[in-house]
Structures are given as structure tokens and as C-alpha cells.
Amino acid sequence: MSVEASPMAIPISADRTRRGSLRLPKVSRSVLLSTLTVAVLLATWAVVTEMGWANELFLPKPQAVWAAFIKTMTKGYQGATLLQHLGASLYRILVAFALACLIGIPLGILMGVSRNARALLNPLIEFYRPLPPLGLYTLLVMWLGIGESSKLSLLFLAGLPGIVISTVQAVTSVDPVYVRAAQSLGATRRDLLFHVYLPAAGPLILAGMRISLGFTYTVLVAAEIVAASAGIGWMIWDAAKFLLSDVVIMGLIVLGLTGVLLDLMMRGIAKLLMPWS
Amino acid sequence: MIKRLVAAVAVATFAFTSTARAEDKPAKITVGYLNLVNAQLVTKHLGLLAKEMPDVDIKYVKVGGGGDMLRAIAGNDVDFGGLGNPPTAIGVTRALPIKGILVINMLDYVESMVVRTDKNITSFKDLKGKTVAAPFGSTTHYLLLQALKDEGVDPASMKILDLAPSDIAAAWLRGDIDAAWFWEPNLDRAVKNGGKILITSGEMAKRGYPTWDIGVVMNAFADKYPSYVEKFVKAECEGIDFWLKNPEKTAEIIAEELSLPLEDATRMMKGTGMVPCDKQLTGDYLGTSAKKGKFVDTLVSTADFLVKQERLPKLLPRADFETFVQPAYLEKVIGR
């Protein structure tokens, strides 16, 4: 037995060490590959502009974009520094997104658990969901004016349907066995919500929130076109009017990196709130 | 596979020969025109361009303002366009491949600063703490900043918003803004709804800040089809002539093109200065190929102003602006 067991034990341990040794390089390898992509992209950019293959009006040199970054950080662009522009945009996005979550998640849960609520609200959601938010913007500006409220509403409306729909899906896909088991143990509706539906549907709801935040983000430039005087989106739009492509590209990079950071934060929050997912 | 390759080569050859054959004649031209009251509407309405080039497909594209026109030019979306002097200064400084070939119009009271009557605004100093709108990068934005500077009023003491002309009209009707410097046909809506004119662009011209719109052509088009640039200039000149000789009929055309009452169209017309084509070759305007006119001076001072506003990186030498102004096509049309 012991003779049989020892050769058995060897391959297992070998397998384990191999897996263990594979795990580390696997992470660093994907990091390496990602770094490679960025490096190749930057190098191509540098070469193309250095060789003069691209019109500088359309594709400025990396150092010009870097200079625009430094200048906007220190001196600012049209009366506000880069951080102030970023702050104005993040404020808009986060407020609108928070509102979309505050309204969208309860609405989605309601529609998920109650067939009547779903029947009542579905036509509204289904009609409004495919509407391009920009089409609504003209109307929003006329109704709410050119101030902050129309911008926030546009971002809010862009984020809402994603959250509602993914919450409905999350709630309806909760295994009814859980619900029945809890009910048979005497769970109230409140208990069901907080101890069955939310924990079970949580991961899917959070995934929906991530997608919805991304969608809100894509509408930012559009929201800041009308009568803003600060914001990353406005900065990009304004610089484009004056053909300052270095500022435009710098703004886009900042926007992209901030988007990645926001998404990482959402993932971090997800892990913190729902370690089981 | 081979069949496909042969087909691809055949298509490519055909495309190549067909473009080569069309060398002397463009298949299609795109004219970007500004949403303004000027003789380009007459030329368009009477089909004068089509008469000059009957077998060319002509496409007219309405463009909201100078900023959009710059983007259209940078994106090579138009063959001909129109630009006010600030966007022109931006375009030349950023080395856009365009030439100025024609004076489209001089801006008088067709562009004005309107202020809300109930806000007691009688001078630029009263704008402190108010909300003012202008399409950024346009002639009126330039004049607004220039006027504030001349009057010694800090632009930071008020809220200056970037809005497209149609959005200004909407925001005005809602009561979101106290003042705006923009142009007809939307200007009138603000004036008729509790507004009065504080200053016109014509008054700023008298103070030494003329504003105008210039017709531009893409360099690539002009190099390939020089005779078609002349045809374009000729058609626009005919439109200007018609405007000057038939004011009543012109007003009817403008009214129809912009869906306006006739009396409004008549008034807006009077606020626009049309320059007869032969006069455009004098020192006050384009000048001649040998001696370029005051348009170059205006471009240099506009660019200088925009550099000081940090909207442009650096002031180019005068020669670059002289190269931009090209009266040669107009000279041929006039016969000089």
C-alpha cells in the first residue's frame, strides 16, 4: 500500500509544484504582454511622427502631447487645470452614476420579484433602452436648461437602463430553491431581499453596474459640449475647435486612463462587498 | 482564388484609369456653406454653380459655425468652404491646406451682441456677474473678448459660455443667459424676445476690428482643378451681383432659404456687407496677387490676439498669411 501510495504521491506533488511555478509566470507573462502592446503602440507613434509620415495636425508627437499634459497640469487649459477639469467631469459622472444606481437597482429588484411590476414598467424600459442618449439631449437642454441639471440627466439616462436590466436578470436568475428554502424556514419578504436575493444576485448586479458606468463614461464628451466651461469632455471639444490636437489626444488618454481606474475601483468594491463572487 | 485576384486587379485598374481620365474634371464637388445671411444662398438657390459646371455633381452642406467648418476642412470633407477671420487665422496657423479666394461677406449688424432688456445692461462693465454666450472660436467670440479687453473688463468677472447659435436662441428663450454675441437668423429670435442690441459687429469694425467671411478652397482641389476654382468664383460673383442689383428678389430668396418672414430677411440683408467682385481686388479687401490687401493685416492681428488668448501656440510670420490670400482666381474671372 505504502509502495503504491508513494509513487502516487510523487506525481501529485510534482503536479502541484508545476502548477505553482506556472501560476507566477502566468501573471507576469500577461503583464509582460500588456506592457508589450503599450510599448509597441508608443514606439509606432514615436516612429511615425519622427519620420514625418503623419501630418502633425492630426497626429502630434508624443513629446508634444506630454508637453500639453504638463502645461495643462501646471498652467491649465482656458482657466482650469487638468485636475479641475477632471474633477468637474468625475463629479458629473459619479453623481449621475450614483443616482442611476439608487434608482435603477431598487427598480430592477422590484421588476425582478414582481411579475406585475415587470409588466407595468417593461414597455417604458424597453422603449427607452435603445434610444440614443444624444437624441434625448436636445430635449433635455430645452426642458432643463444649459446648466448642470441637463448634463447630469443625460449621464443618468445613459447609465440607468443597463443597471435596471441587469438587476432584473440577476434577480430572476436567482435559484427558486433558495427562495423556497428560506420561506420554509420562515423568512419574511424583508429577509428574502437582504439574505437571499441581494447576496445571490449581487455579483450580476455589480457586473451590470460596471457596464453601466462605462456607458455613462462614453456619453461624457457629448454631455459637456453644450455650455460647459470645465470638464475633460469640454476641454477635448474646445481644443478640437482650435485644432489643438495635442490637447485633444492628451485629454483622450487621460479620459481612457481614468476610465480604467474607475473600473478597477468598481472591481475592488465588488471584491470587498461580495467576496463569494 | 486566382479568379478573385484577377477580378481585384481588374477593378483596381478600372478605378485607376477612371480617376486618371477624370483628371481635368471632378466627378463631384462639396460646398460647405455657413448658416449665414449672404449671397452664397443666392448662388445656391439660383443654381448658378450648376450652370458653370453642368456635368458635375454638386453637393451643398450647411455648416453651423467656424469651428465646425474647420473640422470639416481638417477632415477633408469639403472642397470649398467659408470661414470667418478667427477660424481662418486658426486654420492658417495650424497649416490647414486651404487658400482664401473670395470675400463672402463683411459682417455688419447681421452679427450683434444682444442683451436682456430687463437686466439694465448698458455697457460692457454691466456684464460683470452675468452669463454671456458666444460660439467659441467664431468671429463673435473674438469680438467679445476683444471688446472686453478694450473696455478693461475682466472676462473672468462673468460667465462666458460656449454655445452654438441655435442653442443660444433656445437658452435665451428659457432665460438661461443674459447676453449673447451671435448672428442672424437666430439673433432675431433673441432680440424679439426681450432683447436689445448693445453693440454690432459693424461698430467693432469701425473701432478697428473688422470681421468677415472668406471663401476657401482645399489646396489639393485647387491644384488638380484650377479652372473649376475659377468657375466657383465666377458663380459666387454672379450671386453677389444678383444680390446687389436685385435686393427685393434676393430678400425673397433669403426668406425662402432660411424660412423667414420677408421683412426679417430684408433687414438681415442690410446688416451684411456684400463686396462687388472687382472691388474685392482693392487694398481694403483681398488686394491683388502683386500687393495683397488689408485682409492679411486682419488675419495677422486676429492670430496675434488668439496667441495671447492661448488658443494658438505661436504667431506665424506675415508671409504665411500672404500665401493664404490668393486673389489669382478672382483676377482671372474679372479679367485682370
Side-chain angles (χ1 to χ4, degrees), chain A residues 52 54-61 63-65 67-68 71-72 74-81 84 88 134 137-151 221-231 233-248 250, chain B residues 64-76 86-98 131-138 141-142 145 154-164 166-177 180 303 306-307 309-314:
Chain A
N55 184 341
E56 253 192 77
L57 180 63
F58 301 119
L59 188 64
K61 291 182 180 160
Q63 52 267 45
V65 174
K71 195 177 168 200
T72 316
T74 51
K75 278 187 68 192
Y77 179 84
Q78 294 302 317
T81 63
Q84 286 167 328
L134 286 183
Y137 198 27
T138 337
L139 209 55
L140 287 177
V141 169
M142 283 195 276
W143 288 347
L144 302 170
I146 53 176
E148 225 35 51
S149 45
S150 57
K151 294 177 183 64
V221 178
E224 290 181 343
I225 283 175
V226 176
S229 47
W234 176 80
M235 185 185 85
I236 292 173
W237 179 251
D238 188 72
K241 273 190 178 178
F242 294 89
L243 302 176
L244 299 166
S245 40
D246 47 352
V247 178
V248 173
M250 183 271 290
Chain B
D68 292 335
M69 186 69 89
L70 275 181
R71 270 193 282 263
I73 290 169
N76 203 12
T88 307
I90 295 164
V92 173
T93 306
R94 307 300 297 185
L96 283 188
I98 45 171
T131 307
V132 188
F136 281 17
S138 70
H141 180 227
Y142 156 74
L145 295 176
D154 181 10
S157 67
M158 63 197 72
K159 208 173 168 196
I160 302 179
L161 295 177
D162 176 19
L163 282 173
S166 50
D167 291 336
I168 294 183
W172 181 276
L173 293 179
R174 284 184 39 85
D176 289 342
I177 48 178
L306 289 170
V307 171
Q309 290 286 325
E310 299 203 344
R311 297 287 190 175
L312 282 180
K314 61 177 188 298

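All heavy atoms count here, side chains included; hydrogens, waters and symmetry mates do not. Each chain gets a letter, A, B and so on, in the order the sequences are listed, and its residues count up from 1.
- Looking at P135(B) and I168(B), their side chains come closer than 4.5 Å, going by heavy atoms from C-beta outward.
- Using a 4.5 Å cut-off between heavy atoms, W234(A) touches chain B through its side chain atoms alone.
- Between chain B and the options D246(A), L243(A), V226(A), heavy-atom pairs under 4.5 Å are most frequent for L243(A).
- Heavy atoms only, all atoms of each residue included: S138(B) and P86(B) are closest at O-CG, 3.6 Å.
- Between F136(B) and H141(B), the ring planes are parallel. Angles under 30° get that label, and only those over 60° would be called perpendicular.
- Judged by distance alone, with hydrogens and angles left aside, the side-chain atoms of Q309(B) form no donor-acceptor pair with the main-chain N or O of Q78(A) at under 3.5 Å.
- Most heavy-atom pairs under 4.5 Å with chain A: of the set G91(B), A74(B), G65(B), A170(B), this distinction falls to A74(B).
- By the 4.0 Å N-to-carboxylate-O rule, K241(A) lies too far from D238(A) to be salt-bridged with it.
- Without hydrogens or angle criteria, S245(A) side chain to L59(A) main chain gives no donor-acceptor distance under 3.5 Å.
- Using a 4.5 Å cut-off between heavy atoms, L173(B) makes no contact with chain A at all.
- Looking only at heavy-atom pairs under 4.5 Å with chain B, the residue among I225(A), V247(A), L244(A) that has the most is L244(A).
- Contact annotation for R311(B): both backbone and side-chain heavy atoms come within less than 4.5 Å of a heavy atom of chain A.
- Ranked by non-hydrogen atom pairs under 4.5 Å with chain A, the options I90(B), I160(B), D68(B), T131(B) are led by I90(B).
- The contact between D162(B) and chain A is made by backbone and side chain atoms together, counting heavy-atom distances below 4.5 Å.
- When each of G145(A), A240(A), G79(A) is checked for heavy-atom pairs under 4.5 Å with chain B, G145(A) comes out on top.
- Within a 6.0 Å radius of NZ in K61(A), other residues, nucleotides and ligands contribute more than 12 heavy atoms.
- Per-residue counts of heavy-atom pairs under 4.5 Å with chain B were compared for W237(A), F242(A), F58(A); the largest is that of F242(A).
- Formation of a donor-acceptor pair under 3.5 Å by the K151(A) side chain with backbone atoms of I146(A) is found in this model.
- Chosen from A156(B), G137(B), P155(B), the residue pairing most often with chain A at heavy-atom distances under 4.5 Å is G137(B).
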